[in-house]
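What follows is a single structure, written as C-alpha cells, with notes after it.
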Amino acid sequence: MSKKSVKNLILYHIKQRKKSNPIRSKELSYKLGCSDVHIRDAVHELRTKDNVPVCSGGQGYYFPTDITIE
C-alpha cells in the first residue's frame, strides 16, 4: 500500500471520530496493518505538509467539529 493511500485511509478513519469518541493509534494500526510509528508519521505529515487539522488527546485522534476540508 502506498504512503498516500495509507494517509488517506488514516484521514478517513479520523474524520469519522469526534472528541467524545477518538480513535487510538493502536486501533488504526490494527485496521490498516501497519505499525504505530507509521500511523504517527502519517498523522504528522497530514498536519504539517497537508495542513489537515487532526486533533489528538490522551485517548486518541479525532477531527474537529467546527472545521471542514475538501
Side-chain angles (χ1 to χ4, degrees):
M1 193 174 331
S2 74
K3 189 174 184 177
K4 184 176 180 177
S5 60
V6 170
K7 280 191 341 185
N8 288 336
L9 286 170
I10 290 169
L11 182 58
Y12 170 79
H13 286 288
I14 291 173
K15 285 177 83 173
Q16 307 304 312
R17 303 299 184 105
K18 304 301 176 222
K19 188 174 184 177
S20 61
N21 185 26
I23 187 166
R24 291 186 177 268
S25 179
K26 292 266 186 206
E27 186 177 348
L28 283 169
S29 176
Y30 176 77
K31 286 183 178 198
L32 303 179
C34 56
S35 72
D36 290 346
V37 173
H38 285 109
I39 300 296
R40 289 191 303 273
D41 288 345
V43 169
H44 177 73
E45 195 169 305
L46 283 166
R47 289 172 169 162
T48 58
K49 292 184 180 173
D50 302 330
N51 295 317
V52 177
V54 175
C55 298
S56 62
Q59 299 299 310
Y61 299 109
Y62 60 94
F63 201 74
T65 56
D66 56 350
I67 296 175
T68 57
I69 62 168
E70 297 178 16

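Everything quoted here is computed from the prediction, not taken from an experiment. Here, residue 1 is the first one in the sequence, and each next residue gets the next number.
- Closest heavy-atom contact between Gly57 and Tyr62: N-CE2, 4.2 Å.
- From His38, atom NE2 reaches atom OG of Ser25 across 11.5 Å, with rounding to the nearest 0.5 Å.
- Clustering ILVMFWY residues whenever any of their side-chain heavy atoms sit less than 4.5 angstrom apart, transitively, puts Val6 in the very cluster that holds Phe63.
- Between Tyr61 and Ile39, some side-chain heavy-atom pair lies under the 4.5 Å cut-off.
- For the pair Leu11/Asp50, no side-chain contact is recorded, criterion being any heavy-atom separation below 4.5 Å from C-beta on.
- Using a 4.5 Å heavy-atom cutoff, the side chains of Leu32 and His13 are in contact.
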Step-by-step side chain to side chain contact (heavy atoms under 4.5 Å, CB included) determination, Asp41 to His44: CA-CA 5 Å; Asp41 288 345; His44 177 73; 5.6 Å; no
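- Atom CD1 of Ile10 is separated from atom CG of Leu28 by 6.0 Å, given to the nearest 0.5 angstrom.
- Environment of NZ in Lys18: crowded, with over 12 heavy atoms of neighbouring residues, nucleotides or ligands closer than 6.0 Å.
- Note: Ser20 OG to Gln59 CD = 11.5 Å, rounded to the nearest 0.5 Å.
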Side chain to side chain contact (heavy atoms under 4.5 Å, CB included) evaluation trace for Ile14 with Val43: CA-CA 10 Å; Ile14 291 173; Val43 169; 4.1 Å; yes
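- Between Arg47 and Cys55, the closest heavy-atom pair is NH2-C, 3.7 Å.
- Applying the salt bridge (charged side-chain N to carboxylate O under 4.0 Å, His left out) test to pairs two or more places apart or on separate chains, those with a residue in residues 23-37 are Arg17-Glu27, Lys26-Asp36, Glu27-Lys31.
- Annotation for Pro64 and Pro53: closest pair CD-O, 2.9 Å, computed over non-hydrogen atoms.
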